[in-house]
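Here is the naming used below: chain letters follow the sequence lines, and residue numbers restart at 1 for every chain.
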There are 4 protein chains.
Amino acid sequence: MIRVGIIGGTGYTALELIKILLRHPDVAITTLTSRDESCPALSEVHPEIRGRLDLNFSIFEINSFTEQVDFAFCCLPHAASAAIVKQLLACGIKVVDFSADYRLNDAATFNQWYEVEHPDADRVGSVPYGIPELFRPEIKNAELVANPGCFPSSALLPLVPLLGQELIESTPVIIDSKTGVSGAGRKPNLKFHYPECNESVAAYGVGKHRHMPEINQIINRICNQEISATFTPHLIPMDRGILSTIYVSPKQGVKTGALREHLSDFYRDETFVRITDALPKTKDVTHTNFCDISVSQCGQFAVIVSVLDNLIKGASGAAVQNFNIMMDFPETTGLI
Amino acid sequence: MIRVGIIGGTGYTALELIKILLRHPDVAITTLTSRDESCPALSEVHPEIRGRLDLNFSIFEINSFTEQVDFAFCCLPHAASAAIVKQLLACGIKVVDFSADYRLNDAATFNQWYEVEHPDADRVGSVPYGIPELFRPEIKNAELVANPGCFPSSALLPLVPLLGQELIESTPVIIDSKTGVSGAGRKPNLKFHYPECNESVAAYGVGKHRHMPEINQIINRICNQEISATFTPHLIPMDRGILSTIYVSPKQGVKTGALREHLSDFYRDETFVRITDALPKTKDVTHTNFCDISVSQCGQFAVIVSVLDNLIKGASGAAVQNFNIMMDFPETTGLI
Amino acid sequence: MIRVGIIGGTGYTALELIKILLRHPDVAITTLTSRDESCPALSEVHPEIRGRLDLNFSIFEINSFTEQVDFAFCCLPHAASAAIVKQLLACGIKVVDFSADYRLNDAATFNQWYEVEHPDADRVGSVPYGIPELFRPEIKNAELVANPGCFPSSALLPLVPLLGQELIESTPVIIDSKTGVSGAGRKPNLKFHYPECNESVAAYGVGKHRHMPEINQIINRICNQEISATFTPHLIPMDRGILSTIYVSPKQGVKTGALREHLSDFYRDETFVRITDALPKTKDVTHTNFCDISVSQCGQFAVIVSVLDNLIKGASGAAVQNFNIMMDFPETTGLI
Amino acid sequence: MIRVGIIGGTGYTALELIKILLRHPDVAITTLTSRDESCPALSEVHPEIRGRLDLNFSIFEINSFTEQVDFAFCCLPHAASAAIVKQLLACGIKVVDFSADYRLNDAATFNQWYEVEHPDADRVGSVPYGIPELFRPEIKNAELVANPGCFPSSALLPLVPLLGQELIESTPVIIDSKTGVSGAGRKPNLKFHYPECNESVAAYGVGKHRHMPEINQIINRICNQEISATFTPHLIPMDRGILSTIYVSPKQGVKTGALREHLSDFYRDETFVRITDALPKTKDVTHTNFCDISVSQCGQFAVIVSVLDNLIKGASGAAVQNFNIMMDFPETTGLI
């Protein structure tokens, strides 16, 4: 039985993580921390799991924490996370980090996009990027895994195999993403106030979203050249789910059907990536760890549609998948 | 006082049309027709206007209809519409047609995309396309105006001035549109059954949507060359509103700011098109006749966001705007 | 042309008020105040009316305000409102007050329910309660009208005629209300954060809601006895609309049909109250100033369903209706 | 390993049932039937479980069905269900029936409310009503269990213990229920067309809903007298979840706290019923088998709020709970 601690346990990803881990036969959640000094009751913060987990929130303290846990999931905001992760690693605790702190492989890029000095710059660049289907071997041997962003997961799962096989041009790569509001987290803000975003669609962060360098870094590595994907996220009036519509140009002579076929081959043995004939909708995958992907044609472009649940395959489900790989459990445990 | 008849009065666009016309000081709605033989009570079909319009639905009959009306709005499905419109015109009744029947300027293209023989093929090609801000002079003198599709309106309002001025390349033009469910009409269908489309986003009709030739025809005319815009509509869990995200390449040396400036100049005297600095959201324009447009930059692409209410600026509002132009009323009457 | 000032112009009721007044031919909005020292641009706060009102927010200052306006709508929170209203009245400005400050006819009751000392206690009890259909004569001659709460409006419109005519018992009167989230105002709060209240229903304030004494005060006055209605509000995942389901006992020998008939008679000449045969839904009245009411039977109880738009008939529409009465304009001006 | 067949597998309750059974370690789903002659692919009807269950829909045929299954869940509409259930029982197959066919204990009452002759009238009255927490002993020994209606479950879980202990008066019992749209099933219908029910609340079936006799029958049995609960369902714009607000009168001298205490005692050892201090919301229980219940006071009435997921605790979760009891599995298997 692995003793697991969750750091930053009041948000939506933490709730999903708890729910998944409660179904995991080899895990005992032993500690939940919150930075809220008032330490509210668990059933008040997450009434959904009332009666199912006999724990209270505590303030993180490195000694007591490391005594109680074998493995940590860190759900803190960027910068706050790395400051704690480096302490955990120093104590020999393995970690999946939900923040962006170890996703980029260059501290300068991090500092620029996140406008803060990276608290653990030396480690940056050596941490596996936790999309299991793409980077399983590195994840397997890691002490720390950088859990990927939700938008990047939806885009990279179809793009990496196609770019890697040179089936599509490296430009244009246009990623038009639509996300449910839980992606914005649990902190109240006028933009996510119900009457503001209900019955409305909006683009946001055009040209400025922090998931853009994350996407570009991976596809640059795959293509071995400087690529600039165009990425536009949109806020959709629903709780959860991401649908990314991706416009790419097949290489001369490559048919759309060949793209679909390659993706089918590439993911043939993967449980959680499904290549579909019909256009998938987010509802096909919400509350699951699946990512469904279709490929269609529109004029000279291939139109890829990729859907996943931002809180599960885009966060906590992927985290547990990474945990399973790191700890040698069957990869689907707790997730199906 | 203009006596107005509405043909096909049970749908959502008809309801919006009735509500607008009830606020129009120079209009009396004298006839409402429905193809439903049971002729349900108006307050049953549209409880919202209960007590505000003392009319019942009748079955369309050309003689009694033309006796009672000076002007007709035809809200029938494609093909059904043209069959009636040609009779109305023969009787000297002016018409705004909501269907797609007179939008394309080539009957063969119509037959191919709509899979039916056009019932009034001779007239096709000579009917103004009713986006008032773009084609006002032709509309002014017309007996019949083809009210434009909701998606094309959202795309063409920003694209036509930019392509016309040669500020952007004619390829790629990628239009990623998001629409509320009322765009699908009022006929029950599993796809639009509440629990199917609520809390979900889906792309549909990729590469096959009938608004694509409509968009391409207009921009081809403007650019004087064969252009293929890529158009992907998405169904969003909300009642109304369209947001189109349009990805274009500015011509060499043209800055994004110049695109915005040109749009501002172009629409300076237009009441219903607003060029905004902030990214617009559909809620800024739902229940109004406005179309709000912004221009941003993302890498080498300009990202245009255009929002309107599919039932108003994308249908019934535009129709009344066309009516006002055809009948020499101030263009904003009933619409503001 | 009446010069109108709106105090506290950043909220949802203020936006609806502005939109209605922009359609009112006899009104010019000359001042908009906000307590936000940053005085944000109007188009930033209310992008919907961008370009339609050439005003900026200012901080309220009694002298400049009274120079510019003939009539004031005060949309401030309770207690803040009365402190300003008494100054306005002293300067001879007529006022419709949206707050609860002058709704209760007893300052002690106010102090107890609102947990603050009333800033204008002497005037309490002499201010008409602004449901036009019920209290038109007093409103007509008033300098100040207390605009009613949204829940009380939905409940009192059916209850007052029935209790006044002694057609129903004075107990039990059970009011189960369902409201859209805009009723909670525009200030962000975890409870109204999109992912918290979307896809969920909750009761709140059971036995403690401040609209309960407001309802009881009016029905006590009508019945001339101490009555305690039971009132439970519920938060519904939608923007706007209130539906109140009201359970009452017809007096011995009174049939449900007689209740409906009496309501029909009572409201025969009223434009904005419609007694319906079918069960009304909130969508029949949202974005309008109508209140639709039905009466059904379930066992020994009559089940009354009453629907209105909380921001219009439940707030800004009623306010303009009161304004029209106070200023001798036709009552429906701007509202239909 | 129990071989399970699902009859009528295309609806929403069937989908939830499949998902639960896929997590049940002792169950193999061996047959899925549909009355749709076209036998659509499973992944087309339920894309969510694509790749997880290698079965196609077949048309029900008694011999092949009984060869392949040990236990049947019957998800057919009323009357259609009993016609098949009696055949299954004759072949020795145990059944949980989702329809209303065996819920009422009197065929005449069934015929009257469902307006059809009961196809298995002799068995009516001898079948346990499948609320496990209330009727576990009968369920344990049954060949057939009548799975309860979703509204009755939400109302009876709090009412039965309180009426049984004579802590509340038997009148008035007013049940005001709010349900998500999935409760209406998967068949398209104008009432459940997205733009009709989105952003709207409506009462329906006032005084006529078929769950009313079901509720009354059980509380009459408990109280040993003719009781008429007043029951009004409302349609809420959300996928799933029921919240019932129940107004009852505590007996003379009984405090609201005593009601809560008795419910806490009564359900102390039950996993799936949680008595809460805070007012529960549907989101606390959707996608789970829990029913959360609170008791508050408003004047002389106790206000009970009860929430559950109509598709799980109100249908498929309860069904599997009954299955577990009937087959001697731990009651929470697959459900937590």
#### Entry: Side chains of Lys19(C) and Thr288(B) in contact at under 4.5 Å (non-hydrogen atoms)
no
### Query
OG1 of Thr276(C) to CD of Glu44(B): how many Å apart, nearest 0.5 Å?
12.0 Å
### From Asp292(B) atom CG to Arg50(C) atom CZ, the distance as rounded to the nearest 0.5 Å
5.0 Å
### Summary
Given Thr271(B), Ile336(B), Thr286(B), the one with more heavy-atom pairs under 4.5 angstrom with chain C than any other is Ile336(B)
### Toward chain B, the part of Asn198(C) with a non-hydrogen atom under 4.5 Å
side chain
### Summary
Scored by heavy-atom pairs under 4.5 Å with chain B, the best of Asp239(C), Asp284(C), Asp277(C) is Asp284(C)
## Note on the structure
On a heavy-atom basis, the closest approach of Ile49(B) and Arg274(C) is C-NH1, 3.8 Å
### Residue His46(B) versus chain C: region with a heavy atom under 4.5 Å
neither
